[in-house]
Amino acid sequence: MPAVQAPSARRLSRADFNRPTLLVARDLLGKYLVRRERGHTRAAMIVEVEAYKGPADRAAHTHGGRRTPRVEPLYRDGGTAYVYLCYGIHWLLNFSTVGEGKPECVLIRGIAIGDDDDADFLLGPGRITRHLGIDRHLDGADVTVSDRLWVEDRGVRIAPRAVRRGPRVGVDYAGPHWAGKPWRYQLIAPRR
DNA sequence: TCTAGGATCGGCT
DNA sequence: GCCGATCCTAGAT
């Protein structure tokens with residue numbers, strides 16, 4: 001694993017995040033989440049995400065235009081990290097999308113760890129943050145410039161047939177209309 | 001100030 | 001399949 005950034009890698013920029021949320025979500029599959037901590041760098045390919053579409057979406061933290069100190073990062077420009085504690089135990093990582101003042105985001109739910117040829121899927125938003133050492137200290141970070149957390153395009157291209165769409169997890173409280181939206185994107189797991 | 005509940009996970013039956 | 005852990009946030013009082 002390269003110490004800083006693979007020569008063929010391109011860090012995702014503001015323009016990559018300032019796009020419609022469903023497109024950003026789909027395109028994050030196959031990108032690499034890079035975490036740099038105490039001079040040590042780890043990277044893992046993103047294999048599962050969910051989209052949350054702002055004020056209209058009853059499953060989103062910003063539904064109805066809710067704006068509290070906790071969700072403030074979601075109102076910032078695309079590429080801002082929103083990290084919050086869920087169930088008192090798990091840190092969940094999101095990236096804001098669309099643009100400043102538009103509180104939509106993508107939740108990172110799964111990554112692939114290990115060698116490219118022999119990778120295991122680490123699934124579950126609380127598990128990946130624990131694995132990468134992501135917590136409240138990264139809340140509000142701008143991942144287009146941060147030296148602690150960013151996303152790289154390493155040239156992996158995902159075929160449409162390799163993507164499964166389905167309803168989001170754990171949002172039944174939003175009612176059938178919103179809970180039923182197929183805004184969860186998964187790479188189909190490799191056969192082992 | 002008080003209280004309810006949550007974008008989860010792992011262990012147990 | 002069920003349940004408890006654990007604590008912060010948001011809304012009510």
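The structure displayed is predicted, hence computed values, not measured ones. Sequence lines set the chain letters: A, B, ... in the order given, protein chains first and strands last, and positions in each chain run from 1.
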Practice task
Write down the distance between CZ (A/Arg67) and P (C/dA10), rounded to a whole number of angstrom.
Solution key: 13 Å
Practice task
Answer with yes or no after comparing the ring centroid distance for A/Phe95 and A/Phe17 against a 6.0 Å cut-off, counting only values under it.
Solution key: yes
Handout entry: Closest nucleotide among B/dA7, C/dT9, B/dC9 to the A/Arg127 side chain
Key = B/dC9
Fill in the blank from the handout: Given the options A/Tyr52, A/Tyr84, A/Tyr75, A/His61 meets ring pair (Phe, Tyr, Trp, His ring centres under 6.0 Å) only with A/Tyr84
Exercise for the section: Using atom OH of A/Tyr87 as one end and atom C1' of B/dG6 as the other, report the distance to the nearest whole Å. Expected result: 5 Å
Handout entry: A/Arg184 side-chain N/O to B/dA7 phosphate OP1/OP2 under 4.0 Å
Key = no
Practice task
State yes or no: do A/Leu12 and A/Val156 share one hydrophobic cluster built from I, L, V, M, F, W and Y residues joined by side-chain heavy-atom distances below 4.5 Å, directly or via other members?
Solution key: yes
Exercise for the section: Determine the Euclidean distance between corresponding P atoms of C/dT6 and B/dC2; express it in Å to zero decimal places. Expected result: 23 Å
Exercise for the section: Taking atom CZ of A/Arg164 as the centre, report whether more than 12 heavy atoms of other residues, nucleotides or ligands fall under 6.0 Å from it. Expected result: no
Practice task
Specify the separation, in whole Å, of atom CG of A/Leu92 and atom C1' of C/dC7.
Solution key: 14 Å
Practice task
Decide whether A/Val169 and A/Leu187 are clustered together by the hydrophobic rule: side chain heavy atoms of Ile, Leu, Val, Met, Phe, Trp, Tyr closer than 4.5 Å, transitively.
Solution key: no
Handout entry: Nearest-angstrom distance from the residue atom CZ of A/Arg136 to P of C/dC7
Key = 10 Å
Handout entry: Given A/Lys53, A/Lys102, A/Glu104, the one that forms side chain to side chain donor-acceptor pair (under 3.5 Å) with A/Thr21
Key = A/Glu104
Practice task
Indicate whether A/Tyr173 forms a stack on B/dG6; treat it as stacked only if centroid distance is below 5.5 angstrom and interplanar angle below 30 degrees.
Solution key: no
Exercise for the section: Could you state the atom-to-atom distance from CD1 of A/Ile108 to P of B/dA7 in whole Å? Expected result: 17 Å
Practice task
Report the nucleotide, chosen from B/dA7, B/dT8, C/dC8, that has the shortest atom-to-atom distance to any side-chain atom of A/Tyr82.
Solution key: B/dA7
Exercise for the section: Counting heavy atoms from C-beta on, name the nucleotide in B/dG10, C/dT9, B/dA7 closest to the side chain of A/Arg70. Expected result: C/dT9
Practice task
Starting from Watson-Crick (N1-N3 plus N6-O4 or O6-N4) and G-U wobble pairs under 3.5 Å, report the runs of at least three that DNA chain C belongs to.
Solution key: B:1-6 with C:7-12, B:8-12 with C:1-5
Handout entry: Nearest-Å distance for atom pair CZ/C1', residues A/Arg109 and B/dC9
Key = 11 Å
Practice task
Scan A/Lys181, A/His63, A/Arg168 and name whichever one has a side chain to side chain donor-acceptor pair (under 3.5 Å) with A/Asp57.
Solution key: A/Arg168
Exercise for the section: Under 4.0 Å between any heavy atoms, over every strand shown, what does A/Arg58 touch: base, sugar-phosphate, or nothing? Just pick one. Expected result: nothing
Practice task
Figure out the NE2/P separation between A/His90 and C/dC8, and round it to whole Å.
Solution key: 14 Å
Practice task
Ignoring backbone atoms, establish whether A/Arg66 has a side-chain N or O less than 4.0 Å from OP1 or OP2 of C/dT9.
Solution key: no
Completion exercise
Separation of B/dA7 atom C1' from A/Ile89 atom CD1, nearest Å, is 14 Å
Practice task
Answer yes or no: does a side-chain N or O of A/His61 lie under 4.0 Å from OP1 or OP2 of B/dA7?
Solution key: yes
Practice task
Check the side chains of A/Arg36 and A/Thr41 for a donor-acceptor pair under 3.5 angstrom, ignoring hydrogens and angles.
Solution key: yes
Handout entry: Options B/dT8, C/dT9, C/dC7, nucleotide nearest the side-chain atoms of A/Leu85
Key = C/dC7
